[in-house]
2 protein chains.
Amino acid sequence: MSKATRMTKQKKVILDILRNTDCHPSADWVYEQARKLVPDISLGTVYRNLNVLRDSGHILELNYGSTYSRYDGHAENHYHFYCEKCHQLFNVKIPVYEGLDKLVKETTGFDVKNHRMEFYGLCNDCKASLSSSSSM
Amino acid sequence: MSKATRMTKQKKVILDILRNTDCHPSADWVYEQARKLVPDISLGTVYRNLNVLRDSGHILELNYGSTYSRYDGHAENHYHFYCEKCHQLFNVKIPVYEGLDKLVKETTGFDVKNHRMEFYGLCNDCKASLSSSSSM
DNA sequence: TTACTTGCAAACGCTTTGCACGCAC
DNA sequence: GTGCGTGCAAAGCGTTTGCAAGTAA
């Protein structure tokens, strides 16, 4: 399906970083981490590889909630929660409703391949810091 | 909840445009339409008002699927379908699962306020143009 | 009158890209 | 050896913002 895709040191490092984190980092964060292992890696290379890995289905690009994309090294579909105060992304551990794709396919006639769902609100820490009036 | 919010000619025009279209336009498209009614309106004003209207809950900002935001003048929650070929956004007419917010609230403990869902795939036109091999 | 809103244009921030060199295959 | 991937830096592009003038309340 995709082009040759040569496995370079840089691409391997980027994929490893994403696979071994449970947060949903920005391209810049990945770049900072990658520099510890490949000091002369460039930000352009990070972006290029993130796009390649996204296109080949190895990672997810999450582009809601803020002005920049975040990436997720776990490509199986799952839902996310976005905290509107601290802007963190969390995984939501409820089952993915596969049947929804079929329902929408029947309703619209479109060729539905997958779906995404994001929940919005306040995470535990931010909820607490609000209810205790001002925390500092 | 929000500031004074003065009703200006510009803000009214922008809201009217969004209320009276069934597509999900970009800021630039809104700007082009608004110029027909207020010729000397500026793009900065369009962006400022879109943000004000979004913050006051009058419109939705949809920022998935591409590098720029689209806007929806119908603020009640509903789901969307994004065509990966022609990049159009469509409304999906299935009921909104309000219970999901409660489920996630119970699962995570977070203060869940709302959720969004987007389906991805090919719309009817793009599906047809693919199945007929190459249309040109 | 007051201070929110505007038009203009410059600046901003994230992302992409052109180029020549380097390296995986 | 071939041509895809890289580092570097500049450009691209959607969006935001500082400022002085305009205008809704």
Side-chain angles (χ1 to χ4, degrees), chain A residues 1-18 23-56 58-72 82 87 89, chain B residues 1-18 23-56 58-72 82 87 89:
Chain A
M1 170 174 255
S2 28
K3 282 271 187 95
T5 272
R6 196 167 288 182
M7 181 50 67
T8 64
K9 180 176 51 174
Q10 290 87 342
K11 188 182 296 176
K12 189 169 180 344
V13 162
I14 291 170
L15 187 53
D16 279 351
I17 289 172
L18 282 175
C23 69
H24 301 81
S26 65
D28 208 64
W29 187 91
V30 174
Y31 170 59
E32 290 304 329
Q33 300 302 310
R35 285 220 291 181
K36 297 176 183 171
L37 302 168
V38 187
D40 61 346
I41 196 173
S42 77
L43 186 55
T45 294
V46 171
Y47 273 105
R48 268 185 292 232
N49 276 311
L50 288 172
N51 287 345
V52 167
L53 290 167
R54 181 244 291 137
D55 290 343
S56 60
H58 288 88
I59 65 174
L60 294 178
E61 180 180 4
L62 310 174
N63 52 359
Y64 34 73
S66 51
T67 55
Y68 54 91
S69 288
R70 296 135 188 261
Y71 296 88
D72 191 322
Y82 176 77
H87 310 296
L89 271 178
Chain B
M1 168 174 257
S2 30
K3 283 272 188 90
T5 272
R6 195 167 287 181
M7 182 49 69
T8 63
K9 179 177 50 175
Q10 291 87 341
K11 187 181 297 177
K12 189 170 180 343
V13 162
I14 290 170
L15 187 53
D16 278 353
I17 289 172
L18 281 174
C23 68
H24 300 82
S26 65
D28 208 64
W29 187 91
V30 174
Y31 171 58
E32 289 305 328
Q33 299 302 309
R35 286 220 292 182
K36 296 176 183 171
L37 301 167
V38 187
D40 61 347
I41 196 174
S42 78
L43 186 55
T45 294
V46 171
Y47 273 105
R48 267 185 294 234
N49 276 311
L50 288 172
N51 287 345
V52 168
L53 290 168
R54 180 242 291 138
D55 290 343
S56 61
H58 288 88
I59 65 174
L60 294 178
E61 179 179 4
L62 310 174
N63 53 358
Y64 33 74
S66 50
T67 55
Y68 53 90
S69 288
R70 298 140 188 257
Y71 297 88
D72 191 322
Y82 175 77
H87 310 296
L89 271 178

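Each chain gets a letter, A, B and so on, in the order the sequences are listed, and its residues count up from 1. Side chains included, hydrogens not; waters and symmetry mates left out as well; all remaining heavy atoms used.
Across the protein-nucleic acid pair, A:Y64 atom OH and C:dC14 atom P stand 19 Å apart, rounded to whole Å. Rounded to whole Å, the distance from CG on B:D55 to C1' on D:dT15 is 14 Å. Computed from coordinates, the B:L62 CG to D:dT15 P distance equals 12 Å when rounded to whole Å. Here C:dG13 presents its P atom at 13 Å from OH of A:Y68, a figure rounded to the nearest Å. Rounded to a whole Å, the CG atom of B:N63 is 13 Å from the P atom of C:dT15.
Residues B:L18 and B:H58 have side chains not in contact (no heavy-atom distance under 4.5 Å, counting atoms from C-beta outward).
Side chains of B:Y71 and B:H24: no donor on one and acceptor on the other come within 3.5 Å.
Here salt bridge (charged side-chain N to carboxylate O under 4.0 Å, His left out) pairs that include residues 36-51 of chain B, with residues two or more places apart or in two chains, number zero. Among pairs with a residue in residues 61-72 of chain B, those fulfilling salt bridge (charged side-chain N to carboxylate O under 4.0 Å, His left out) read B:R54-B:E61, at least two apart in sequence or across chains.
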Sort me out a list of protein N/O and nucleotides 23-25 of chain C N/O pairs below 3.5 Å, or just none if empty.
| unit_1 | atom_1 | unit_2 | atom_2 | d |
| --- | --- | --- | --- | --- |
| C:dA24 | N3 | A:R6 | NH1 | 3.2 |
| C:dC25 | OP1 | A:M7 | N | 3.4 |

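Phosphate proximity of C:dG7 to B:Q10: present, with a side-chain N or O under 4.0 Å from OP1 or OP2. Residue B:N51 has no polar side-chain atom (N or O) positioned under 4.0 Å from OP1 or OP2 of D:dT15.
Residues passing the salt bridge (Lys or Arg N to Asp or Glu O under 4.0 Å) test with B:D16 are B:K12, sequence neighbours excluded. Among residues two or more places apart in sequence or in another chain, the side-chain hydrogen bond (donor to acceptor under 3.5 Å, both in side chains) test is passed with A:T8 by none. Under the rule for a side-chain hydrogen bond (donor to acceptor under 3.5 Å, both in side chains), the partners of B:Y64 that lie at least two apart in sequence or sit in another chain are B:H80. Listed by chain and residue number, B:I17, B:A34, B:L37, B:V38 satisfy the side-chain contact (heavy atoms from CB on, under 4.5 Å) test with B:V13 (two or more places apart in sequence, or in another chain). Checked against side-chain contact (heavy atoms from CB on, under 4.5 Å), A:Y47 has the following partners two or more places apart in sequence or in another chain: A:A27, A:L43.
Once rounded to the nearest 0.5 Å, the distance linking CG of B:N49 with CD1 of B:I14 reads 4.0 Å. Here the CG-OG distance, from B:L62 to B:S26, works out to 12.0 Å after rounding to the nearest 0.5 Å.
At the heavy-atom level, A:S69 lies under 4.0 Å from the strands shown only through sugar-phosphate atoms.
The rotation axes computed at either terminus of the helix from C:dT1-D:dA25 to C:dC25-D:dG1 lie 50° apart, taking five pairs at each end and rounding to 10 degrees.
Contacts between residues 35-50 of chain A and DNA chain D, defined by a heavy-atom separation under 4.0 Å, are made by A:D40, A:I41, A:S42, A:T45, A:R48, A:N49.
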